[in-house]
Structure formats: structure tokens, C-alpha cells
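Accompanying notes for the structure given below.
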2 protein chains.
Amino acid sequence: VSDSAAETGNGAGRLEQQLGFILEVDKLKSVLRQTRLVDGSRRENDAEHSWEVAMMAVVLAEHAGAPIDLARVVRMLLIHDIVEIDAGDTFIYDEGARKTQVEREEQAAERELWAEFEDLKTAESRFATAMDRLQPLLHNYHSGGAIWSKHGLDYGRVTERNEIIARGSPTLWAYAQQVLKRAVGEGLLPE
Amino acid sequence: VSDSAAETGNGAGRLEQQLGFILEVDKLKSVLRQTRLVDGSRRENDAEHSWEVAMMAVVLAEHAGAPIDLARVVRMLLIHDIVEIDAGDTFIYDEGARKTQVEREEQAAERELWAEFEDLKTAESRFATAMDRLQPLLHNYHSGGAIWSKHGLDYGRVTERNEIIARGSPTLWAYAQQVLKRAVGEGLLPE
């Protein structure tokens with residue numbers, strides 16, 4: 001496909017633009033998180049985290065506190081962190097200045113999902129958020145609580161920061177509280 | 001939840017086992033692939049790859065050669081590589097010897113999806129496979145073709161190895177062929 005065809009938004013151009021989006025979000029693999037792998041060996045990145053929370057949603061769907069459209073939750077979790085990509089001078093969701101190959105239409109569809117995720121107004125966004133919060137909590141526990149001590153957090157603070165999990169899944173929040181109590185019992189988290 | 005409850009397979013035990021599965025597959029983040037990131041900076045791992053192909057399926061679904069259940073394709077792609085986890089002495093799908101916390105029931109559901117992926121008998125598995133093959137092809141092109149030259153591959157061999165993409169999406173295979181021709185034109189791939 002010629003460059004001019006790619007710019008017209010016709011069939012072939014649309015595909016080029018969709019793939020441009022995919023190539024652009026590859027940068028998520030270079031955005032490091034505080035969370036360490038379960039084995040504690042290194043910090044994980046946003047792409048790895050996004051894969052894991054999407055997988056968690058599939059495996060844990062039955063524990064959602066309300067009926068959910070699982071496919072929507074998974075799509076939401078796959079893209080929920082792309083807002084963290086700093087595309088050099090502009091932000092991936094900064095429509096004004098952006099002049100890259102990322103297709104506006106594709107961007108708009110994903111931005112809509114991202115806005116839903118942030119709003120917490122739907123059962124899907126509340127369950128997605130529960131996955132997004134439960135995942136680092138589990139990793140912090142299994143990798144020895146280093147992040148908690150690094151940030152001087154105690155049981156009360158970690159509880160307060162994560163009780164939003166209950167809005168997506170009371171069952172998983174009850175479980176998370178047990179994990180935190182275990183962490184206190186094992187000296188990984190101050191009481 | 002007590003250890004004995006976790007072993008009985010009741011409600012709380014089931015959750016422990018589902019989370020055991022999630023913690024186990026975290027090892028996918030440590031399985032390196034030949035493929036490099038789009039920016040060429042390093043090799044990617046199976047978790048990053050799985051995230052990207054799942055995302056590709058969502059973005060490129062309209063190009064599937066036959067009607068597909070997109071949610072099934074995405075689930076398939078999220079788990080398609082867990083067979084590559086070498087759990088020390090046993091294989092994640094080696095039922096006989098395995099004595100870990102990974103829940104057999106969960107494992108069975110995921111294994112069924114994995115078997116479908118491998119069989120290529122459904123439209124979903126053919127589209128999933130197209131994503132799985134198109135992704136490294138695009139990365140190899142954008143990161144300068146180093147893998148192709150490392151393995152002494154030429155246009156004919158790369159075409160032969162990837163024409164399976166056509167079974168999932170004739171449109172994406174036509175696009176992939178254009179990319180390979182571009183690679184030849186740019187001296188990244190011998191003719």
C-alpha cells in the first residue's frame with residue numbers, strides 16, 4: 001500500500017492505521033511498574049501486568065459481585081494502561097498535538113473503554129478495577145512485601161487503598177483481607 | 001482459609017486453586033522469545049507476546065476470514081503459550097507427575113482451549129494463529145530483520161512458514177506479503 005493510500009482512510013489505509021496503533025502500544029512493554037514478579041526477580045512492566053489481569057478476569061469471573069460482560073472486562077484490561085505511554089512529546093490520549101500514525105478512530109474506541117474503566121460506573125469497570133488492584137497485592141505478598149516496607153505502608157493503609165476491590169467482588173476483597181492478615185502474621189506488613 | 005479447606009475443592013479452596021493457577025503462569029514472564037520489541041531494544045517474553053496478540057485480535061477482528069467469537073479468540077491467545085512453562089521437573093500440561101497447587105479443573109478448561117488453538121479446526125483457532133504468526137513477522141520487519149538473517153531465512157522460507165496466516169485472514173496475509181516484499185526491497189530479507 002502506498003503512503004498516500006495509508007493516509008486516505010480507505011480499506012488498506014485503515015489496516016495500516018490499526019497496525020500503527022499496535023506498534024505504538026508496544027511501548028507499554030518498556031513502562032516499568034513498582035510490582036515485582038511473583039518470584040521477586042525483577043519489576044514487571046505494564047504489558048505483562050495487562051496480560052495477567054486480563055487472564056485473572058477470565059479465571060475469576062465467577063466471583064464478580066454483579067453480572068458482567070466478561071469480553072468487555074477483558075478488552076478494558078488489555079488497554080487500561082496505554083494512557084501511561086509517554087509518546088515522546090505528546091501523550092497517547094492528547095488529541096490536540098498528536099501527529100503520529102495512531103489512528104484517531106481506533107484511539108477513540110479505546111479511549112472510550114479507558115474512560116469507562118476510570119469512571120467505575122459499570123459492573124465491568126468495577127470488576128476490572130478489582131483485578132487491577134488484587135494483582136499487585138498478591139504479588140507484593142508472594143514476593144516478600146518489599147514494596148510495602150519500601151513505602152512505609154501498614155495494614156490500615158494497604159486496606160484503605162484497596163477496599164475498592166469490594167465494589168467489583170466482595171468475595172475477592174474478603175480473600176485479599178485474609179492475605180493481608182497473613183502478611184501481618186508473617187511480619188511482611190506492620191499491623 | 002486453612003490449608004485443609006484449600007484442599008477440599010469447596011468454595012474457598014476453589015478460589016485458592018484459581019489463584020494458584022494465576023501465580024503459576026506468572027512464569028510465562030520469564031520465558032524469552034526470539035522476537036525483539038518493535039524498537040529492537042531486547043527480546044520479548046511470552047507474557048508480553050500474549051498481551052499483544054490478544055490486543056491485535058480485538059483491533060483486527062474485522063479482518064477475520066470467517067465469523068468468529070472474538071471473546072473465545074482472546075481467551076485462547078491469553079493462554080496459548082502456557083504450555084511453554086517448564087515447571088521445574090514437570091510440564092504444566094503433564095497431568096501424571098504434577099503435584100502443585102495448580103487446579104486440575106482450571107487446567108482442564110485452559111487445556112481444552114489450548115488444544116483447540118493447536119488443532120486449527122475452528123475459525124477462532126485459525127484467526128488466533130494468524131495473530132500469533134503476524135505479530136513476530138511485523139516485529140522482525142520493524143526491528144530490522146535481525147532474526148531473519150540470524151537464521152539464514154529468505155523470502156521464500158518466511159512466506160512458506162507464515163502462509164498459514166491466510167487461513168485466518170486472507171486480508172492480513174496479503175498485507176503480510178507486502179511487508180515481506182518491502183523487507184526484500186529494503187535489503188532486510190534475501191529474495
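Computation of the quantities below employed the complete heavy-atom set of this structure, encompassing side-chain atoms and omitting hydrogens, waters and symmetry-equivalent molecules.
The two residues B:Tyr175 and A:Leu15 make their nearest non-hydrogen contact at CB-CD2, 3.7 Å.
Taking A:Lys29, A:Met55, A:Arg42 one by one and counting their heavy-atom pairs under 4.5 Å with chain B, the maximum is reached by A:Lys29. In terms of heavy-atom pairs under 4.5 angstrom with chain A, the leader among B:Glu52, B:Glu44, B:His49, B:Arg72 is B:Glu52.
Atom CZ of B:Arg161 sits in a sparse spot, with 12 or fewer heavy atoms from other residues, nucleotides or ligands closer than 6.0 Å. Residue A:Arg157 places its CZ atom among 12 or fewer non-hydrogen atoms of other residues, nucleotides or ligands, all under 6.0 Å distant.
A distance of 6.5 Å separates CE in B:Met56 from CG in A:Leu19, rounded to the nearest 0.5 Å. Atom CG of B:Leu28 and atom CG of A:Leu37 lie 11.5 Å apart (nearest 0.5 Å).
Clustering ILVMFWY residues whenever any of their side-chain heavy atoms sit less than 4.5 angstrom apart, transitively, puts B:Ile68 in the very cluster that holds A:Leu70. Hydrophobic clustering, with ILVMFWY side chains joined whenever heavy atoms are under 4.5 angstrom apart, keeps B:Ile164 apart from B:Trp148. Following chains of ILVMFWY side-chain contacts shorter than 4.5 Å, one cannot reach A:Ile147 starting from A:Leu153, and the two form parts of different hydrophobic clusters.
Under the side chain to side chain contact (heavy atoms under 4.5 Å, CB included) criterion, A:Glu186 pairs with A:Tyr141, A:Arg182, A:Leu188, sequence neighbours left out.
For A:Val38, the parts sitting under 4.5 Å from any heavy atom of chain B are the backbone and the side chain alike. Heavy atoms of B:Asp46 lying under 4.5 Å from chain A are absent altogether.
Side-chain contact between A:Leu78 and B:Leu78: present, with at least one pair of heavy atoms (C-beta onward) separated by less than 4.5 Å. Residues A:Val25 and B:Trp51 have side chains in contact (heavy-atom distance under 4.5 Å, counting atoms from C-beta outward).
Of residues 127-140 of chain B, those residues with a non-hydrogen atom less than 4.5 Å from any non-hydrogen atom of chain A are, in numerical order, B:Gln135, B:Leu138, B:His139.
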- Apply the test side-chain contact (heavy atoms from CB on, under 4.5 Å) to residues A:Asp26 and B:Asp39: give CA-CA distance (whole Å), side-chain angles for both, the deciding distance (0.1 Å), then the verdict. CA-CA 8 Å; A:Asp26 203 60; B:Asp39 68 11; 5.8 Å; no
